[in-house]
Amino acid sequence: MNASSKREPRQVGRLAGLASAAAWIFAAVLLVGVALLWQAAANFDHAIVNVLTFLLLILAWGSLVVSLQLSGRPRWMWRSFFLGPVLACAVLFALYRVERVDGDLSPKFVSRWKAADELPQASVANETLSAELWQPRASDSTQFLGPTRNAIYSEIELDSDWNAHPPKVLWKVPIGDGWSSFAIQGDVAVTMEQRNEQEWITCYNVLNGELLWGYAIDSKHTNPMGGTGPRSTPLLADNRVYACSAVSQLVCLDIANGQELWTQDLLKLAGVTQSEFEMRVAWGRSASPLIYKEQIIVPMGGANACSLIGFDAITGQERWRAGQEEISYASPSLATIHDREQLLYITEQHLRAFDPQSQAELWSVPWPGSSHGSASVSQPLVFDGNRILMSKGYGEGCQVIEVELTQEGENADPDASQTSTKQWSVDVKWKNATSLRTKFTTAVIRDGYAYGLSDGILECIALADGERQWKKGRYRQGQVLLVGSHLLITSESGEIVLVAATPERFHELAKLDVIGDVTWNVPALSGNRLLMRNSDEAACVILPTVELPKSEPLE
């Protein structure tokens, strides 16, 4: 054997040793990267942090396996290091299943042998309820985001001393899957939930949590990222319930007994199947119905369909269609700008304004998004007469636009709905990609400042220029209400939190655990009664108040 042939094994061994050391160093760098990532995580969306952490740990694990394999150590060492985590994951998934992921994309595991919670029994046809139960009150919250559809409850002031006057959990009941909120009229509250293979519209007694009636729709939407069940919040108007399933059905029911008055199939009207629709709108229909002058308005969507569709509130007959862009997960709303009513709706990639009488588009402004990716969920909020705050997650942040009426025809009649897009102009006053990244929630506005959960952290910004006043308090992907002078937050972990609505500083005043984790649903307030829910349970909390409408006795 010559000298060169003797050197080859040594060179191979040396190269293997160098490669092993490089793989080890690479793994160490990745692990340091994970540590630095979490050190800075307070200022970022934890969903992104969790995904990056998972990828970095996988790469680090693979590098360590390669390092051990190349180091010349016994074969069983690197094989054990490789097979150990694989076998552990196999055992984990054999014993448990992922029920859902939370807003930070962390999986929620449940035993594969866990029995389903026993839900209150609902009958499709129930006896007519006593009219006293559904007698309307001034404090009713009959639609998505409350009486004024902007998450503001101005007619009540909360007592902030929860040590002296603690909230009282009046009742808690199990509930089916879904992200719907409650709509409240009198002492009845209506929501939507998944029960096996059916979407249910359910009516509960606010006084004791008793299920009063239920209406079943044979459909089911489920998505590994978004969970299972309906997302839309019912609308209560003229003693009728209007509800939109996550899949297709828009139904109108009698509030007194849940009897069907009319129904429309949105997939059929759009000419698409459920699978075709969900390829474009991955997380199902989420928008809540809007009523305008005996018309029920909902987003429609689907290839070659329309953005919005209007139905006669009494008969259910289709009245009109408007817009041609794919729908988002926001809900339509009404606003008055320059003394003209406007129907505002965030489509997949724009904020668009329509004349609610003629359905002509008045103006639009780009708002990047994708209904199978970076979803638009947050509502546009009008302030100062003609300015609108827009916000969303997925790195987009927020902006304020100003809408102006730039032309008026000599004989223009404001009541004739004859405006054209040329008469309106939209100016982006400022934009801030780092603030108010409201992922599943909508901000609230008070006295020139906006408050919202930005990547899960409560933030206050000035509406004049978008400047951040403070950002503190991680409540994850929960929801925010403005109740009098306080922010009432339902955290994703199921707490209610009271925070002072002031730009001077973050001041958390009180906190109470109520229900379990992954509480994305918007809470609803009627007088001093707060109704909140998630995909597991619902609860009614009696809040301590300073002032209360005369018609609302304390429980």
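Heavy-atom basis, side chains included; hydrogens, waters and symmetry copies ignored.
The salt bridge (Lys or Arg N to Asp or Glu O under 4.0 Å) check on D312 picks up R319, with sequence neighbours excluded. With sequence neighbours excluded, no residue forms a ring pair (Phe, Tyr, Trp, His ring centres under 6.0 Å) with Y204. In this view, S391 and T438 satisfy the side-chain hydrogen bond (donor to acceptor under 3.5 Å, both in side chains) rule, not counting sequence neighbours. The side-chain hydrogen bond (donor to acceptor under 3.5 Å, both in side chains) test applied to T502 returns E504, not counting sequence neighbours. Under the side chain to side chain contact (heavy atoms under 4.5 Å, CB included) criterion, S106 pairs with N50, D102, D104, sequence neighbours left out. Listed by chain and residue number, T263, D265 satisfy the side-chain hydrogen bond (donor to acceptor under 3.5 Å, both in side chains) test with Q249 (two or more places apart in sequence, or in another chain). Partners of N239 by side-chain hydrogen bond (donor to acceptor under 3.5 Å, both in side chains), not counting sequence neighbours, listed by chain and number: Q185. Applying the ring pair (Phe, Tyr, Trp, His ring centres under 6.0 Å) rule to Y449 yields no partners; only residues at least two apart in sequence or on another chain are considered. Every residue two or more places apart in sequence or in another chain that forms a ring pair (Phe, Tyr, Trp, His ring centres under 6.0 Å) with W38 is listed here: H46. For S286, the side chain to side chain contact (heavy atoms under 4.5 Å, CB included) test picks out R231, Y329, with sequence neighbours left out. For W134, there are no ring pair (Phe, Tyr, Trp, His ring centres under 6.0 Å) partners at least two apart in sequence or on another chain.
Between K471 and D455 there is no salt bridge, since no side-chain nitrogen of the basic residue lies less than 4.0 Å from a carboxylate oxygen of the acidic one. Using a 4.0 Å cut-off between charged nitrogen and carboxylate oxygen, R137 and D187 count as a salt-bridge pair.
Every pair passing ring-ring contact (aromatic ring centres under 6.0 Å, His included) that includes a residue from residues 485-533 is listed here, sequence neighbours excluded: W179-W520, F440-W520, W470-F506.
In this structure, E396 and P368 have side chains that are in contact, with non-hydrogen atoms separated by less than 4.5 Å. Inter-residue side-chain proximity for N432 and I461 is flagged as unmet; no heavy-atom pair is nearer than 4.5 Å.
Partner of W262 under the side chain to side chain contact (heavy atoms under 4.5 Å, CB included) criterion, out of I314, V251, L250: L250 alone.
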